[in-house]
Protein chains: 2
Amino acid sequence: MSQLPDARPSDSRPSDARLADLAVLIARNRPRFRTATEFVEAAMREAILEGVLPAGAPLRQEDLAAAFGVSRMPVREALRQLEARALVEFHPHRGAVVAEISAEDSADIGAIRAALEPAALRLSLPHLTADDLALAAELIAEMDAEADPGRMGELNRRFHMTLYARAGRPRLLALVEQHLSAADRYLRFQFSALGYHPRSQDEHHALLAACRAGDADAACGIVVRHVIQAGEQLSAFLDGRG
Amino acid sequence: MSQLPDARPSDSRPSDARLADLAVLIARNRPRFRTATEFVEAAMREAILEGVLPAGAPLRQEDLAAAFGVSRMPVREALRQLEARALVEFHPHRGAVVAEISAEDSADIGAIRAALEPAALRLSLPHLTADDLALAAELIAEMDAEADPGRMGELNRRFHMTLYARAGRPRLLALVEQHLSAADRYLRFQFSALGYHPRSQDEHHALLAACRAGDADAACGIVVRHVIQAGEQLSAFLDGRG
DNA sequence: GACTGGTAAATTGGATCCAATATCCAGGCA
DNA sequence: TGCCTGGATATTGGATCCAATTTACCAGTC
């Protein structure tokens with residue numbers, strides 16, 4: 001992981017073009033992560049959010065280390081970070097497990113989204129560009145054509161984040177994305193079980209229209225309803241099989 | 001730290017009362033932290049929020065380990081958790097530092113609070129008891145008598161959390177408390193520099209009154225204004241010495 | 001047959017050890 | 001003189017090792 005040479009060339013005629021190409025090449029080839037811990041943390045977060053590591057799954061440090069081809073230590077540090085994000089739970093001396101999902105937790109996340117997302121949208125909306133709106137429209141179209149639940153969640157997340165992106169509040173946006181992802185974990189169930197798809201798409205269209213019109217109040221109202229009703233539907237679904 | 005016996009009694013007549021007492025006794029006597037990592041994490045978080053470890057301070061793992069009387073490993077895990085909470089920043093191979101504070105970050109936190117706190121209050125307000133309101137009033141009174149900025153922040157945080165506590169959304173409340181604490185870090189400057197004290201207390205009184213009256217809209221309006229104007233004042237202060 | 005007690009295996013938490021990287025400073029070269 | 005190069009040092013990132021705790025299993029007893 002860290003013993004790769006940094007691709008530092010000994011080429012001694014540094015034309016600007018060459019340097020630029022080089023930077024691109026380095027950027028691409030640079031192992032996406034500078035430390036093993038970062039790598040493991042990102043991979044595990046994705047695995048949990050994607051459902052590859054299902055809720056309740058025990059996380060044996062030794063096994064994970066072997067799977068990632070590293071020692072236990074980066075795994076431990078990554079698990080600690082994920083714990084702080086409420087994606088895994090530690091039980092002292094008994095190990096970590098992927099955080100369980102529940103109707104209560106779903107409602108909790110829904111309440112947080114319903115509070116944060118309109119705030120982000122209100123800040124972002126005045127600064128949205130035509131390109132942003134075009135991209136959002138494109139993402140809606142892609143969702144229409146998409147069947148795979150995993151890709152679906154990804155597109156949904158990108159659609160929402162595109163509309164919030166100009167808020168210029170990194171911390172707020174990070175929180176929003178975090179809970180959007182967390183909600184994805186829950187929605188994964190629902191996508192296959194219930195066909196909540198068409199209605200959701202209607203709301204996406206309405207939201208985009210309100211954004212185009214620059215109508216913050218309307219847009220926020222749609223977002224809140226969108227989030228709330230998704231949460232309720234999901235809570236009902238989870239309750240029905242708790 | 002972890003070699004204390006678990007106080008498991010061999011008493012073989014388990015009356016319910018005895019069991020309950022036992023649970024209390026165990027809970028009280030159980031070392032507050034079960035692992036060194038938990039201990040270090042809690043202590044460091046407090047130290048950062050209290051300002052004992054000021055913004056920008058380098059966090060040498062060896063020194064911290066010595067200070068806590070443990071090895072570097074629990075320190076490393078604790079630092080990772082604090083990184084996920086945005087309280088420290090890692091620079092690969094260069095070490096960790098206490099997260100810097102800035103006017104932008106202050107505004108960011110203000111926006112988050114302004115979104116989350118009214119949501120928490122709205123959920124909590126219908127379930128507030130007379131005791132809750134009495135406690136809140138008491139905390140306001142204590143704030144009047146308090147001069148120390150540290151204790152002040154603590155009281156302010158408890159006052160707000162008392163009003164939100166009945167929201168019944170653990171995740172939401174954790175987020176609220178986290179950002180209330182983060183704001184404290186910033187307010188510490190202000191308390192001594194500017195005398196924003198009296199006005200803030202007026203707002204606290206007004207907020208409590210609205211809660212007593214069960215007027216959610218009014219209470220939320222006050223909270224939002226309270227947070228926003230504290231944020232603005234602070235941003236201005238920080239900008240003025242950027 | 002169920003429960004207590006004790007022992008053994010598995011797994012985590014913590015400490016130590018090694019490698020890799022960044023910083024700092026001296027020295028050579030244009 | 002100024003900049004780049006190279007090595008020494010400090011500090012982190014990662015691996016290995018040991019101890020402590022939990023769990024499972026099995027024997028013995030009521």
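Only heavy atoms go into these numbers, but all of them, side chains included; no hydrogens, no water, no symmetry mates. So that the names make sense, note that chain A is the first sequence line, chain B the second, and so on, each numbered from 1. If you're wondering where the values come from, they're calculated on a predicted model, not measured in any experiment.
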Can you list, by residue number, the residues of residues 59-67 of chain B that have a non-hydrogen atom closer than 4.0 angstrom to DNA chain D?
B/Leu59, B/Arg60, B/Gln61

Sequence neighbours excluded, every pair satisfying side chain to side chain donor-acceptor pair (under 3.5 Å) that has a member inside residues 167-183 of chain B:
A/Asp105-B/Arg171

Given D/dG13, D/dA15, C/dG14, which nucleotide is nearest the side-chain atoms of B/Phe90?
D/dG13

Holding to side chain to side chain contact (heavy atoms under 4.5 Å, CB included), I want the full list of residues that pass it with A/Ala114, two or more places apart in sequence or in another chain.
A/Val227, A/Ile228

Residues passing the side chain to side chain donor-acceptor pair (under 3.5 Å) test with A/Glu154, sequence neighbours excluded, are A/Arg157

Any side-chain N or O of B/Thr37 under 4.0 Å from OP1/OP2 of C/dG13?
no

List for me each residue that meets side chain to side chain donor-acceptor pair (under 3.5 Å) alongside B/Thr37, sequence neighbours excluded, and say none if there are none.
B/Glu77

Using whole Å, what does the distance between atom P of nucleotide C/dA19 and atom NE2 of B/His93 come to?
15 Å

In chain order, what residues pass the side chain to side chain donor-acceptor pair (under 3.5 Å) check against A/Arg166, with sequence neighbours excluded?
A/Asp132

Could you tell me whether the phosphate oxygens of C/dT21, OP1 or OP2, come under 4.0 Å of any side-chain nitrogen or oxygen in B/Arg94?
no

I need the residues from residues 74-83 of chain A with at least one non-hydrogen atom less than 4.0 Å from DNA chain D; give them sorted by number, or say none.
A/Pro74

Going by ring-ring contact (aromatic ring centres under 6.0 Å, His included), name the residues that satisfy it together with B/Phe90, two or more places apart in sequence or in a different chain.
none

Output every pair passing side chain to side chain donor-acceptor pair (under 3.5 Å) with a member in residues 46-64 of chain A, not counting sequence neighbours, ordered by first then second residue.
A/Gln61-A/Arg72

